[in-house]
Amino acid sequence: MSQTSGSPADALSNRPLSIQEQRWDAVIIGAGAGGGALAYQLSHHGWQVLVLEKGPRHQPEDYRHDELAMLYQPFFTPDPAHDPHIVVTRKTTHGVRHKLGWSASCVGGGTEHMGAYLYRFHPDDFRARSRHGDYRELADWPFDYHELEPYYCAAEQHLGLSGDGAAMAAYSPRSQPLPMPPLHSHPITQRLEQACRRHGLQPSPTPRAVNSRPHNGRPACRYCDHCGGYGCPVEARGTSRNAFLQPAERSGRCQVRHQCMVTRITLADGHAAPLRAAGCEYVDQLGQRHRVQARVVALACSAVESARLLLLSRDERCPQGLANSSGKVGRHLQLHGVTLGWAEYPAQRHAAWQQTASSPFIGRSVYDFYQLPAGVAPLRRGGIIRFSAVSNQPISDAQTCAGNNGQVLWGEALVHRLHNYYAATRRIGYEVFHDFIPNADTFVTLDPQVTDPWGLPSARVNLHVDEHQKKAGQWLAQQAEQVLQELKPSRLHRAVTGGTTWHLMHGTCRASDDPAAGVVDKYCRAHDVDNLFTVDASFMPTAGIAPPTLTISANALRVGDYMVKQTFN
Amino acid sequence: MDIADRDTPAETTTPPAVQAGNTPLLAVVLERILPATGDAAPMFAGARAAGVCDYAVNALNEPRHQVLRTHLPATLRLLEEQHQRLHGCAFLHGSAAQQEATIQHLLDQQQQPFTLLFHQLINLALEGLLSDPRHGGNRASQGWRLMAYQHREAL
């Protein structure tokens, strides 16, 4: 796109602008894992906080076990037909409208529908370049695991993690136990653990932000087996909404405005560097334009959307985009590596399948492959294997049956394959979390043609997956399958090998002590803008092997602590 | 999920809406994807009786099915032409066995965009068979009963 000095948000200037007199201590843009945690931290230290969220505010009673509505229709994420991200790869000939890069668009963000597998990062995730050398765009973080550790403990308490902290301590050291014991497990879990141990592995309960007993005023899990992709109607899952934002609102010092789309960050008058943010402009659900003022502005809209907002906020003082004198805004985008599959077993094969179970969960994680053997892949960065029961999702399960291993099943053959499927079979799945290597061909810009419903350029995601991810995924899948083979499945299905998630993102505003190498400093403050912070995963120099959600919340608490200790007058 | 390995059809302008009543060919194709099994187990009454066809007409007009809706007329035209060539009659007037043979012929030939679109039609049919009945398909929970799926709400 041609870089003119005016902001694309000028396109909205024909709408009347309401300038609000109140000056907030902080305005936070985005109400997900980072924005919620920051709002909590600041409001509980006496700050007046405004949170602006583009999406709606769902209520627990909105959450049904409706696979079509929750997983297929646009409920948590925008409809790519109207509000897309445009994805370009080396193999695509056209930019594709896609939901890649939308975790969620609602109060609570992706935590509203997450599977809630909340792992900490490994200490080596903070020093990937030191550990693995100069490969692609690897970098060390400007702070280490130990600086974040107390905030991990706090985030685990707020969100309510169940699991076995002691068993995970060898993977990520901890100063406090998890607040709750593990969730109950299905009897087949014992057989799975035995199989793991016969392979020399040490399985332990997967840490989850799901209550194994009442916690922080929220009830224990009812084991309805509709977690990932669904909202929790009983609030047994800890989300940014119920763990951070609701307590913040109860303090009387935090206001959450939903369906408010921020169109640009505004700057204070004057040209002296560093710049200062004055607040932001947003469009509400009625199409009214507002300007709000704040001492501090914090971005928490996700790695893709935070970079987009900075690029949209350019003006004559920052013609490349706000906080972008380094040219690094949008660079170093990382998704997350994923490898997954499952084994299918005849229901009669193991007596444990026949037992009346108090829990459908299997929920065991294996950390033994954090480091790969030499020679498997370009780097020795491996993954976490998470074994689980496969939830019964009839539409997606049937679609898998119809398109299994390149074969197309239809007609009577399909009907017979579906017949009695859930009564006759049981499944154990595996999901390998592994990292996405930052590389020069994966980054975010503004699309030159496609716009969002507000007429602003959509994000254009350029995507390339490094060979490490494929090779690591291939090897890690084999390790998971060897364990599942022990239980004598009738078939193994590998769904994705070394693939890319569409909903976990990192990078785009890399944290670095060097203003020429990154966008924000170690406290996630923009090098160019004195009072502008990022508290989603955009600050992360590298993705961890684990999913980033817990780390996002922990870091937002850390950044909030820093803000409180500074004076932003 | 792994979009890095895929190419997809180019974006198009918004296609016209699909209307109930002018899609008899679509209904027959869906019936071939999920046919009635008669009195033999599993005693499934077929796509039409399970509400799949009604569901599909509504769902095709959702933005998320825009690509399928765009290419559907050409796909059905191809099917009709191939059936005429193979069996000398209109697809609608052919026997179930003839209709299946025509579809299989096009799949074997890997005719694009037929193969890609037929996969999407299978997925659409399964949405209609197995979604919550409040969406218009899965009439009397026939799809859930077929799979022995026990639906429960948490509350």
Side-chain angles (χ1 to χ4, degrees), chain A residues 60-61 63-69 72-74 79-82 87 89-98 100 222 224 226 232-234 338 392 394-395 397-399 401-403 408-412 414-416 418-424 463-465 495-502, chain B residues 1-11 14 31-37 40-44 46-47 55 59 62-67 96 100 103-104 107 115 118-119 121-123 125-132 134-135 137-138 143-155:
Chain A
E61 53 268 29
Y63 296 144
R64 294 168 52 93
H65 290 178
D66 185 333
E67 186 184 8
L68 188 76
Y72 287 75
Q73 295 174 332
D79 189 335
H82 294 144
V87 179
T89 75
R90 288 177 176 178
K91 294 181 180 177
T92 48
T93 50
H94 309 277
V96 176
R97 286 174 182 261
H98 203 276
L100 181 142
R222 295 198 187 174
C224 73
H226 282 70
C232 179
V234 299
V338 65
N392 292 345
I395 301 174
D397 290 340
Q399 290 177 344
C401 287
V408 185
L409 217 54
W410 58 283
E412 282 200 20
L414 176 58
V415 173
H416 283 280
L418 300 182
H419 175 50
N420 224 20
Y421 181 75
Y422 290 122
L463 177 63
H464 172 66
V465 175
V496 182
T497 305
T500 303
T501 63
W502 53 264
Chain B
M1 178 175 287
D2 195 3
I3 193 169
D5 286 343
R6 294 183 190 168
D7 203 350
T8 54
E11 286 181 21
T14 304
E31 188 69 23
R32 293 284 67 78
I33 291 171
L34 294 169
T37 56
M43 293 195 292
F44 176 62
Y55 169 86
E62 295 176 28
R64 67 195 175 94
H65 285 305
Q66 185 171 319
V67 171
E100 287 171 2
I103 293 170
Q104 192 59 54
L107 290 175
T115 303
F118 189 69
H119 289 192
L121 278 175
I122 294 173
N123 287 341
L126 292 170
E127 277 183 23
L129 178 69
L130 295 160
S131 54
D132 190 306
R134 75 193 183 111
H135 296 290
N138 192 12
W144 288 348
R145 280 191 279 123
L146 173 69
M147 284 187 84
Y149 172 71
Q150 297 177 341
H151 182 76
R152 282 188 296 265
E153 293 290 341
L155 291 172

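So that the names make sense, note that chain A is the first sequence line, chain B the second, and so on, each numbered from 1.
- Both the backbone and the side chain of A:Pro233 come within contact range of chain B, judged by heavy atoms closer than 4.5 Å.
- Between B:Glu31 and B:Gly46, the closest heavy-atom pair is OE2-CA, 3.6 Å.
- Taking each heavy atom of A:Asp66 and B:His135 in turn, the nearest pair found is OD2-NE2, 2.7 Å.
- When each of B:Ala125, B:Ala36, B:Ala59, B:Ser131 is checked for heavy-atom pairs under 4.5 Å with chain A, B:Ser131 comes out on top.
- With sequence neighbours excluded, the residues that form a ring-ring contact (aromatic ring centres under 6.0 Å, His included) with B:Phe118 are A:Trp410, B:Phe114.
- Under the 3.5 Å distance criterion, with hydrogens and angles disregarded, no donor-acceptor pair is assigned to the side chains of A:Asp397 and B:Tyr149.
- A:Leu418 touches chain B through backbone and side chain together, each having a heavy atom under 4.5 Å away.
- At a 4.5 Å heavy-atom cutoff, the contact between B:Gln104 and chain A is made by backbone and side-chain atoms alike.
- Per-residue heavy-atom pair counts under 4.5 Å with chain B were compared for A:Glu61, A:His65, A:His226, A:His82, and the maximum is reached by A:His65.
- For the set B:Leu107, B:Ile103, B:Leu129, the entry with the most heavy-atom pairs within less than 4.5 Å of chain A is B:Ile103.
- Interface remark: A:Asn420 contributes backbone and side-chain atoms alike to the contact with chain B (heavy atom separation under 4.5 Å).
- No other option in B:Arg152, B:Arg145, B:Glu127, B:Arg32 has as many heavy-atom pairs under 4.5 Å with chain A as B:Glu127.
- With a 4.5 angstrom heavy-atom cutoff, A:Arg64 touches chain B via backbone and side-chain atoms both.
- Across all non-hydrogen atoms, the minimal contact from B:Gly143 to B:Asn138 is N-OD1, 2.8 Å.
- Annotation: side chain to side chain contact (heavy atoms under 4.5 Å, CB included) contacts of A:Ala495 (sequence neighbours excluded): A:Leu340, A:Trp342, A:His493.
- At a 4.5 Å heavy-atom cutoff, the contact between B:Leu146 and chain A is made by backbone and side-chain atoms alike.
- Contacts of B:Glu62 with chain A are made by side-chain atoms alone, with heavy-atom separations under 4.5 Å and no backbone atom involved.
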(message) Applying side chain to side chain contact (heavy atoms under 4.5 Å, CB included) to A:Leu68 and B:Asp132, what does each step give before you reach the verdict?
(response) CA-CA 7 Å; A:Leu68 188 76; B:Asp132 190 306; over 6 Å; no
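- In terms of heavy-atom proximity, A:Tyr72 sits nearest to A:Gln399 at OH-OE1, 3.0 Å.
- For the residue pair A:Ala398 and B:Leu130, the shortest heavy atom distance occurs at CB-CD1, 3.3 Å.
- The choice from A:His419, A:His416, A:Gln73 that makes the most heavy-atom pairs within less than 4.5 Å of chain B is A:His419.
- Of all the listed residues (A:Gly411, A:Cys224, A:Ala423, A:Ala81), the one sharing the greatest number of non-hydrogen pairs under 4.5 Å with chain B is A:Gly411.
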